[in-house]
A.B. asks: 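Sharing a structure below in structure tokens format, with a few things to ask.
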Amino acid sequence: MPDNRKVPGADGPLAALIDAAVAVLAERLECSPVEARQRLRGLADRSGVSEPEAAAAILDRSPAPAAPFDEVRRMASAAAAEAARMAARAVAAPGREPLADLAGTLRDRLRHEVGADAVAVYAVEPDASLQLVGAAGVPPAVVDAWSRVPAHPPTEAGYVARTRDPLFLPDRTATPPHYLLVGGPGAEWPSRAVVPVGAEAGAVVVAFFAQRQPFPPEVRAAVSRTVDAVSDEVVERLRSHPHQAGWITDAQSMLDALPGAVGVSVPIRDAAGTIVDWVLVAASPEASDVTGLRGRELVGTSTATSYPSIVGGEVWHSLAQVLETGRPREIGPFTYTPQTPGVETAVFTVRISRFGGGVLLTWTRHDEERRLAARIAQTERLGRLGWGEWDLTTGGVYWSEGLYAIFRRDPESGPPTLDEAVAQLHPEDAPRIAPRLARVFEDGQSADLNYRILAEGQERHLRARFETVRDRTGRVLKVYGIVQDVTAREAAARDRARLVDIEAELAERLRSQQTEHRLVTALQQIILPIPTGVLRLPGLDVAVRYLPAEVVSRVGGDWYDIVELPDGRSLLAVGDVAGHGITAAATMARLRHSVAALAVTSTEPGELLAYLNRIVHDDASEPTATVVVAHFDPETRELTWAQAGHPPPILVSGGTAAALTRPPGMIVGARPDSTYDTVTTTLAEGDTVLLYTDGLIERRGGYDSDWLGPLLRTVASTGQLPVDALIERLQPANPGDDTCVLALRPRPS
């Protein structure tokens, strides 16, 4: 509704003065006149002046009863830029947050109720960081240093914002060791209470106590009751007023429309104000790093943790210099050497400019084209794929390396002519396929073909798909084709749906790294089928569950294998390849198939792991992996197993759950001469054993000393459930990582 309240004495020229200031604020802040009037009133209240005085300050003149309305309008136009700056400072400057007055009211109530000395109100940003929107009784130096609390490293206030559970800390040392305290250690505040505001993750209130407060039940109830009394107003005020870190949301909106690799990073400071890390808070869709993260997957990335080679170098020092001086810098080309196994070195040029409360980064990877070509070639080898492009206007033909390999043709000879390709068709298929190929190249018809060729005297089964490009008259300009060697697959038709994405992406020449993620997803589904229900092995029931990561593009290398041995025993394996993407998927496929192949020569778990270790180590391009291998004897109910840096199996027995003691064993691929000890566990009737990857237990937010506790408590009372129902109850501890679980239980005699 319009605000029709009159300002005392604000008639005639004074009213015109106020109207002019409202018009300036509405135009420059892009808000309604009602909102602009509220902003003007709030500015006057915070400044301790009347509304005409505030309006005059915006228009850069003193109230003048005789000032004509047209003259005020002229001055309003001349002072528009300054008005916008003043309004922004009034809303966002430290100490003048939109909830500054409400924080003072809250501090007064909490002081009366429970003796609190200071209050800070934080709004939860979209990137999970916290932004100070109101403070009372907090020293200015602390306000400046803690006006923004990033999501990493974790704090007690961030914990409350995430879990919505209040924290009452009688002693500042009572906080978990991996959480920082808002405001620093702060000897002046030995106790604090942190309470969520509202039903949603919108805001958090931190109440500080100068005297130690033991927080008995009545004090806790009083703090929660006082905060609840203002929760509706806090939520409403935050909804209608932008707060200081809104620039991060604006930055992400801007970056969403930008091409290339662009990001915004903000500094992380210690209690002394020294920059100890940088965290990326916004990223463009085409931004990517050396580990394969892309776009908004990069948000929250810590420089010190994810790219330790940067720390202390020229880029690291340049970040602080640009933030301090505002002078942009360009560094490079320089070579980045990663410290993570399986990640290649890369050559970058980085440009840095000051932006908002941090820096704007633009980076170019100079070896990207070579890397993309290598990944395409690797994808072709893994999927036995090849693709070609025929330009019917120029006569130019291009074949990929994979296509030459499929047809067993020397690349030095170049692509064959259409007649040469037809001559290579199997005699039984030539009458059916040759006319179809002719229609593709002459009439521009799309085609999806299954046929055979003779390559070096051997019969090969192929599946090929051709698409054409025409001009506006219908003349065929180009033909794109993708071919897959399906000789080893009798069930090629069942894979057709899974290969659609691969075909489409390769037909577009795999122009971006996003292609890799979709390829890996499809290939993983083909390589790692997940059975439903319970698998019945000799004397053993087994259930399998695969839980993919929330971010589908971050496909990992989690895998399993189950082999029924000729002597009645069963071989079981679960593994996790380091990293994500095509490299992890390729190594996963190689390890899974190696287990099945090696089972023919040896079933001793320690020997199998030694073989797998040599396979991975001898190929320097493959990342390391953790694996657990076991075989089960139904006659003795003995589970003999070995592990390579893998989480311990869980034994569920008689209403309890415990981790089995791991024998020594280093991750595979780390050393060529690693050896692996074997242990035997005899299972009783009704016992259940879980083999799993670390996504089931590894939590976000840092190390947790009770890393197995939640899993053990979840499964302790599930021993009577069928194994498939048991694993359905399991949820990953880290939704950002894949998880694979095997549950096995001896069948009653």
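Side chains are part of it too, since the values below use all heavy atoms of this structure and drop only hydrogens, waters and symmetry mates. Positions are given from 1, in the same order as the sequence printed here.
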A.B. asks: Backbone N or O of Thr305 within a donor-acceptor pair of the Ser302 side chain at under 3.5 Å?
C.D. replies: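 Checking the backbone N and O of Thr305 against the side chain of Ser302, a donor-acceptor pair under 3.5 Å is found.
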
A.B. asks: Going from OG1 on Thr681 to CG on Leu660, what distance comes out if it is rounded to the nearest 0.5 angstrom?
C.D. replies: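 Those atoms lie 4.5 Å apart.
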
A.B. asks: Short question: side chain of Glu297, backbone of Arg294 - any donor-acceptor pair under 3.5 Å?
C.D. replies: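 Yes, the answer is positive, given that a donor and an acceptor are paired below the 3.5 Å cut-off.
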
A.B. asks: Is there a side-chain contact (heavy atoms from CB on, under 4.5 Å) between Leu572 and Val542? Walk through the geometry before answering.
C.D. replies: CA-CA 10 Å; Leu572 308 106; Val542 180; 4.0 Å; yes

A.B. asks: Who pairs with Arg747 by side-chain hydrogen bond (donor to acceptor under 3.5 Å, both in side chains), at least two apart in sequence or on another chain?
C.D. replies: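 Applying side-chain hydrogen bond (donor to acceptor under 3.5 Å, both in side chains) to Arg747 gives Asp541.
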
A.B. asks: When you measure from the side chain of Asp576 to the backbone of Thr693, do you find a donor-acceptor pair of N or O atoms at a distance under 3.5 Å?
C.D. replies: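 Checking the backbone N and O of Thr693 against the side chain of Asp576, no donor-acceptor pair under 3.5 Å is found.
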
A.B. asks: Where the side chain of Gln643 meets the backbone of Gly645, is there a donor-acceptor pair that is under 3.5 Å apart?
C.D. replies: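 At least one qualifying donor-acceptor pair exists.
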
A.B. asks: Pairs in or reaching into residues 595-614: which pass salt bridge (charged side-chain N to carboxylate O under 4.0 Å, His left out), with residues at least two apart or in two chains?
C.D. replies: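 Salt bridge (charged side-chain N to carboxylate O under 4.0 Å, His left out) check on residues 595-614 returns Arg614-Asp618.
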
A.B. asks: Keeping the roles fixed (side chain from Arg164, backbone from Pro196), state whether a donor-acceptor pair exists under 3.5 Å.
C.D. replies: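 Checking the backbone N and O of Pro196 against the side chain of Arg164, no donor-acceptor pair under 3.5 Å is found.
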
A.B. asks: Any side-chain heavy atom of Leu711 sitting closer than 4.5 Å to one from Val715?
C.D. replies: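 SC-SC contact between Leu711 and Val715 confirmed.
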
A.B. asks: Using the salt bridge (charged side-chain N to carboxylate O under 4.0 Å, His left out) rule, collect all pairs that involve residues 656-668, keeping only residues at least two apart or in two chains.
C.D. replies: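 Found none.
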
A.B. asks: If the condition is side chain to side chain contact (heavy atoms under 4.5 Å, CB included), which residues does Pro338 pass it with, not counting sequence neighbours?
C.D. replies: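 Here the qualifying residues are Tyr336, Val343, Thr345.
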
A.B. asks: Could you give the distance from CG (Leu598) to CD1 (Ile615), rounded to the nearest 0.5 Å?
C.D. replies: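 Rounded to the nearest 0.5 Å, the CG-CD1 separation comes to 5.0 Å.
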
A.B. asks: Tell me whether Thr688 contacts the main-chain N or O of Val652 through its side chain, where contact means a donor paired with an acceptor under 3.5 Å.
C.D. replies: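 No.
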
A.B. asks: Would you mind reporting whether Pro649 and Trp641 have side-chain heavy atoms less than 4.5 Å apart?
C.D. replies: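 Contact flag for Trp641/Pro649 side chains = yes.
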
A.B. asks: For Thr680, check side chain to side chain contact (heavy atoms under 4.5 Å, CB included) against everything at least two apart and list the hits.
C.D. replies: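 For Thr680 the side chain to side chain contact (heavy atoms under 4.5 Å, CB included) partners, ignoring immediate neighbours, are Glu638, Thr640.
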
A.B. asks: Quiz question: by atom type and distance under 3.5 Å, do the side chains of Tyr546 and Asp738 form a donor-acceptor pair?
C.D. replies: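 Yes - a donor-acceptor pair under 3.5 Å links their side chains.
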
A.B. asks: Checking Ala287 now: which residues fulfil side chain to side chain contact (heavy atoms under 4.5 Å, CB included) with it, not counting sequence neighbours?
C.D. replies: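 Only Ala261, Ala283, Ser284, Leu298, Trp363 meet the side chain to side chain contact (heavy atoms under 4.5 Å, CB included) criterion with Ala287.
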
A.B. asks: Output yes when a side-chain donor or acceptor of Arg460 lies under 3.5 Å from a complementary backbone atom of Arg452, and no otherwise.
C.D. replies: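 No: the side chain of Arg460 does not pair with the backbone of Arg452.
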
A.B. asks: Identify, with sequence neighbours excluded, every residue that meets side chain to side chain contact (heavy atoms under 4.5 Å, CB included) alongside Leu565.
C.D. replies: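 Partners of Leu565 by the side chain to side chain contact (heavy atoms under 4.5 Å, CB included) criterion, ordered by chain and then number, come out as Val563, Asp567, Arg569, Leu571, Ala599, Thr603.
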
A.B. asks: Would you check, one step at a time, whether the test side-chain contact (heavy atoms from CB on, under 4.5 Å) holds for Leu462 with Asn450?
C.D. replies: CA-CA 6 Å; Leu462 306 182; Asn450 289 279; over 6 Å; no

A.B. asks: Can you list everything that forms a salt bridge (charged side-chain N to carboxylate O under 4.0 Å, His left out) with Arg296? Sequence neighbours excluded, please.
C.D. replies: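 Arg296: salt bridge (charged side-chain N to carboxylate O under 4.0 Å, His left out) contacts with Asp256.
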
A.B. asks: Going by side-chain hydrogen bond (donor to acceptor under 3.5 Å, both in side chains), name the residues that satisfy it together with Tyr307, two or more places apart in sequence or in a different chain.
C.D. replies: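 side-chain hydrogen bond (donor to acceptor under 3.5 Å, both in side chains) list for Tyr307, sorted by chain: Asp289.
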
A.B. asks: Kindly state each residue pair satisfying salt bridge (charged side-chain N to carboxylate O under 4.0 Å, His left out) with at least one member in residues 668-687, sequence neighbours excluded.
C.D. replies: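 As it turns out, the salt bridge (charged side-chain N to carboxylate O under 4.0 Å, His left out) pairs with a partner in residues 668-687, which skip direct neighbours, are Arg637-Glu685, Arg671-Asp673.
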
A.B. asks: Rounded to the nearest 0.5 Å, what separates atom OG in Ser288 from atom CG in Leu293?
C.D. replies: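 Result: 9.0 Å between the selected atoms.
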
A.B. asks: Just by modelled atom types, is the Leu730 backbone N or O under 3.5 Å from a matching donor or acceptor in the Arg545 side chain?
C.D. replies: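 Yes, the answer is positive, given that a donor and an acceptor are paired below the 3.5 Å cut-off.
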
A.B. asks: Please assess Asn613 against Tyr611 for the test side-chain contact (heavy atoms from CB on, under 4.5 Å), listing each intermediate value before the final yes or no.
C.D. replies: CA-CA 5 Å; Asn613 178 65; Tyr611 291 144; over 6 Å; no

A.B. asks: Check whether any side-chain N or O of Asp561 sits under 3.5 Å from a backbone N or O of Ala573 as a donor-acceptor pair, and report yes or no.
C.D. replies: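 Looks like no, no N/O pair under 3.5 Å.
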
A.B. asks: Going by the rule side-chain hydrogen bond (donor to acceptor under 3.5 Å, both in side chains), which residues pair with His461 if we only count those two or more places apart in sequence or in a different chain?
C.D. replies: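 So His461 forms a side-chain hydrogen bond (donor to acceptor under 3.5 Å, both in side chains) with Glu459.
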
A.B. asks: Please lay out, stage by stage, how Ile453 and Phe407 fare under the test side-chain contact (heavy atoms from CB on, under 4.5 Å).
C.D. replies: CA-CA 8 Å; Ile453 63 169; Phe407 282 83; 3.6 Å; yes

A.B. asks: Distance check, rounded to the nearest 0.5 Å: Leu385 atom CG versus Leu403 atom CG?
C.D. replies: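 Going from the CG atom of Leu385 to the CG atom of Leu403 covers 10.5 Å.
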
A.B. asks: Ignoring hydrogens and angles, tell me if any N or O in the side chain of Thr624 forms a donor-acceptor pair with the backbone of Gly669 under 3.5 Å.
C.D. replies: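 The answer is no, because no donor-acceptor pair under 3.5 Å joins these two groups.
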
A.B. asks: According to side-chain hydrogen bond (donor to acceptor under 3.5 Å, both in side chains), who are the partners of Thr626, at least two apart in sequence or on a separate chain?
C.D. replies: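 Thr626 satisfies side-chain hydrogen bond (donor to acceptor under 3.5 Å, both in side chains) with His646 once adjacent residues are dropped.
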
